[in-house]
Number of protein chains: 2
Amino acid sequence: MTGSAANENASPWLPVEDREKARDQKIEAVQDMALTLFIEQGYHHVTMNEVAERLNVTKPALYNYFRSKEDILYSCWMSGHERLQQRVGAELGEGSGLARLRRLIRIYAETMTTTYGKSLVLLDDRDLDEINRRAILERKRNLDGLFRKLIADGVADGSIRPTDPRMAAFAIAGALNWIGHWHRVDGPMTPEKIAEDFAQRLTAGLERDDG
Amino acid sequence: MTGSAANENASPWLPVEDREKARDQKIEAVQDMALTLFIEQGYHHVTMNEVAERLNVTKPALYNYFRSKEDILYSCWMSGHERLQQRVGAELGEGSGLARLRRLIRIYAETMTTTYGKSLVLLDDRDLDEINRRAILERKRNLDGLFRKLIADGVADGSIRPTDPRMAAFAIAGALNWIGHWHRVDGPMTPEKIAEDFAQRLTAGLERDDG
DNA sequence: ACTTTTGATTACCCATGGGTAATATCCATA
DNA sequence: TATGGATATTACCCATGGGTAATCAAAAGT
């Protein structure tokens, strides 16, 4: 362990990178702890003092890593979005509109069972200033656009029966986002089970009757 | 700035001469105005001063009608729930599980397009003290239970294909609750259109293939 | 008319909590 | 062992905003 740089040329001059790495780890620790508390109690009920305490430091120490509480909130949301985008980019793949939509639903549902996934739904962009808020709203729009596009593609390629992509996207995204509200880690179903169930359930009414 | 100064919340205090309104109307006016602002800006960004100002009164006047800000929040949620329950009790009617489920979806969807309906989703019960919070959580559980029961009834009477009532209820309630997030009064669809669309859409995958 | 009640106003209190200043500590480098 | 950069601590500031006390004005009862 800690063998990050257990290198052959035992040079005692490794610390510069290690320090940066340590700093990044601390940034992440602050973010993780803050997010966990935000999800549990709601942003406005979490104090910077509490975040610090839970990390065994004092409040001003946090300001070495984030400029403000709001800055943490923004980072949390963005990290959640990045993780989702990462998987979408890697796993959406090719195929019919319906096939890709099902894959998106699986990815989205699984993500919603993680703390960072929940941040996409449970954090309120109205707690951010205009600049950051706009950045998030744009990403939300893009996400909505992806749902609509896959549905429209499916209608076009015949894998999905004719339907209003806007309403279909609202219905699907709503069901998925709601996972962030009801999911508990000690619940009866694994994230994969939930994802599989929803991928079928949310597209069951969209398939063409004729095969 | 959150736009539309056009607010249908009329203030009983506007004309200083005819301050002859009933107490109940004033209570309702306070509640309506507070709720409108809560929905627009989020509970924590609304000050008692702002609520009062918008009603052409000063802050302490509000405390003639509500004991606290939290008390207003609680009343808002409860009023929303009462209106929903009212319609459910009156309009759910008889019939197969599927038929009753569709009626519930229509009622719920329409309600979600009103300010009081939105309060059920957009207000956070964690902003309440334990007593009030528990009262709300119980009502939320009952509502969830109603969805599950209608689905289970439908499976039992054969109008709905075998499915997990818990997951089906989560998916449907999620899609419905999400309306509160995306619906805008100046949107392209009337509440009735939305309700009809969702009643079909959210049950399209639940019908029996045969039949 | 006179007193009581209701409801509004002005002026204020004060707990909370985000954020900062000054300072101390640690540690690799020279 | 001295220097300097990074990071932590103690002690503090202060804007915000929910809520109250004292007071006043207009209905309403008698």
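In what follows, every chain begins at residue 1, and chains take the letters A, B, ... in the order their sequences are listed. No experiment lies behind these values; they were computed from the predicted model shown.
The CG atom of Leu35(B) lies 12.5 Å from the OH atom of Tyr43(B); values are rounded to the nearest 0.5 Å.
OP1 and OP2 of dA6(D) both lie 4.0 Å or more from every side-chain N or O belonging to Asn64(A). The phosphate of dT7(D) has OP1 or OP2 within less than 4.0 Å of a side-chain N or O from Arg23(A).
Tyr65(A) comes within 4.0 angstrom of the backbone, heavy atoms only, and of no base.
Looking at residues two or more places apart in sequence or on another chain, you find a side chain to side chain contact (heavy atoms under 4.5 Å, CB included) between Ala34(A) and Phe38(A), Val51(A), Ile72(A). By the side chain to side chain contact (heavy atoms under 4.5 Å, CB included) test, Leu122(B) pairs with Ile39(B), Lys118(B), His181(B), sequence neighbours left out. For Ala169(B), the side chain to side chain contact (heavy atoms under 4.5 Å, CB included) partners at least two apart in sequence or on another chain are Asp144(B), Phe147(B), Arg148(B), Ile151(B). By the ring-ring contact (aromatic ring centres under 6.0 Å, His included) test, His183(B) pairs with no residue at all, sequence neighbours left out.
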Quiz item: Quick one: what's the B/S/- string for nucleotides 10-20 of chain C, heavy-atom cutoff under 4.0 Å, read 5' to 3'?
Solution: BB-----SBBB
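If you take CG of Leu55(A) and P of dT9(D), they are 11 Å apart, rounded to a whole angstrom.
Residues in residues 57-80 of chain B take part in no salt bridge (Lys or Arg N to Asp or Glu O under 4.0 Å) pair, two or more places apart or across chains.
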